[in-house]
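Per chain, numbering begins at 1; letters A, B, ... match sequence-line order. Since the structure is predicted, the reported quantities are computational estimates derived from the model, not experimental observations.
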Amino acid sequence: MNPHPLDPALKSALAAPAESVARRLLGATLLVDGVGGIIVETEAYAATDPASHSFRGPTARNAAMFGPVGRAYVYRIYGLHWCLNVVCDDRQAGSAVLIRALEPTAGIEAMKARRGVEDVRKLCSGPARLCAALGVTGDLDGARLDRPPFSLVLGAPAEVVAGPRIGITRGAETPWRFGVAGSRFLSRPLRQLP
DNA sequence: CTATAGATAATCT
DNA sequence: GATTATCTATAGG
């Protein structure tokens, strides 16, 4: 047996398809060394999805996506920013959820200092911004999200809104971006679907 | 509010 | 050699 299994509630929440995990992570609290906030925006990526890094199979970069549920997949984008994903769905290897925005609640002064920004709305409103604010780097690729320095606690999701993902070319129509309705901390507005 | 340029480097073809 | 799950600053309506 694994000497340090995931909490059963967290395990069952994450051992599901990326789309449903992306919804369930909204409202959860994510901290790194006590600094962070409430997840308000996510995107789902699955191995069957042309937009996913895992679409063409395992590589050195995306190895964490094919590892155990509940780990971090951290990668560098455009040569200068970091992005953080939650690995999920142990029935379909290569699934993960990109954390796109947080509502800052803890360590706000530390985040302002790291980001060089005063506006709380802009501290964590974007995947690379949130990594900069929390101090997430490639060193944390593959790390467990339920143990230090990370902390991940599920929360009650408010009303959820879906829309197309941002910044991708393939699979652009798939509405796998999710946000907390009415949140002022989204990276971009997300309209309610009729 | 939208549009665009530039930064900058690993990854993959 | 092309691409990239971004951000910031700047210019224009």
Side-chain angles (χ1 to χ4, degrees), chain A residues 14 17-26 28 30 32 36-37 39-67 71-89 92-104 111-143 145 160-180 184-191:
Chain A
L14 296 182
E19 181 190 355
S20 77
V21 175
R23 291 175 173 276
R24 293 197 65 174
L25 285 175
L26 295 174
L30 174 70
V32 179
I39 298 172
V40 296
E41 182 181 343
T42 59
E43 282 179 2
Y45 289 91
T48 53
D49 163 22
S52 175
H53 289 168
S54 57
F55 183 61
R56 293 162 199 255
T59 67
R61 174 177 66 160
N62 68 20
M65 285 186 88
F66 292 88
R71 305 288 181 106
Y73 166 45
V74 183
Y75 68 93
R76 216 197 246 292
I77 184 71
Y78 296 112
L80 51 158
H81 303 299
W82 297 104
C83 290
L84 170 66
N85 295 251
V86 175
V87 177
C88 64
D89 197 352
Q92 183 186 79
S95 298
V97 172
L98 173 67
I99 307 302
R100 286 196 57 91
L102 303 180
E103 175 177 341
M111 293 193 277
K112 285 181 177 176
R114 284 176 179 148
R115 293 264 296 112
V117 166
E118 282 298 310
D119 187 347
V120 177
R121 278 208 208 183
K122 295 181 178 174
L123 281 182
C124 298
S125 57
R129 289 173 173 176
L130 114 219
C131 283
L134 304 210
V136 172
T137 70
D139 292 346
L140 293 172
D141 185 39
L145 290 160
V160 174
V161 187
R165 291 172 292 184
I166 291 177
I168 58 175
T169 53
R170 298 178 296 261
E173 323 79 17
T174 309
W176 276 5
R177 175 177 177 234
F178 304 97
V180 175
R184 306 187 309 279
F185 300 93
L186 302 178
S187 65
R188 304 194 52 162
L190 196 44
R191 280 202 48 185

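At least one side-chain nitrogen or oxygen of A/Arg115 sits closer than 4.0 Å to the OP1 or OP2 atom of C/dT8. OP1 and OP2 of C/dT6 both lie 4.0 Å or more from every side-chain N or O belonging to A/Ser187. In this structure, A/Thr59 does not reach the B/dT11 phosphate: none of its side-chain N or O atoms is under 4.0 Å from OP1 or OP2.
Below the 3.5 angstrom threshold, one finds a donor paired with an acceptor across the side chain of A/Tyr75 and the base of C/dA5.
In the set C/dA5, C/dT6, C/dT8, C/dT6 carries the atom at the smallest distance from any side-chain atom of A/Tyr78. Distances were taken from every side-chain heavy atom of A/Leu80 (C-beta onward) to each of C/dT4, B/dA7, B/dT13; the shortest belongs to B/dA7. Relative to the side chain of A/His53, the nucleotides C/dC7, C/dA5, B/dC12 differ in distance, and C/dA5 lies closest.
Figure legend. B/dA9 is base-paired to C/dT4; pairs are counted as Watson-Crick or G-U wobble with both atom distances under 3.5 Å.
Under the stacking criterion of a centre-to-centre distance below 5.5 angstrom and an interplanar angle below 30°, A/Tyr45 sits stacked against the six-membered ring of C/dA5.
Judged by a 6.0 Å distance limit and a 45° cone about the ring axis, A/Arg165 is positioned over the six-membered ring of A/Tyr45.
Using a 4.0 Å heavy-atom cutoff across all strands shown, A/Arg61 reaches sugar-phosphate atoms only and no base atom. Backbone-only contact: A/Arg170 has heavy atoms under 4.0 Å from sugar-phosphate atoms and none from a base. Within the 4.0 angstrom heavy-atom criterion, only backbone atoms of the sugar-phosphate kind lie near A/Ile168; the bases stay farther away.
With salt bridges taken as basic N to acidic carboxylate O contacts below 4.0 Å, none links A/Arg76 and A/Asp141.
Under a cut-off of 6.0 angstrom, the local environment of NZ in A/Lys122 is sparse, with at most 12 non-hydrogen atoms contributed by other residues, nucleotides or ligands.
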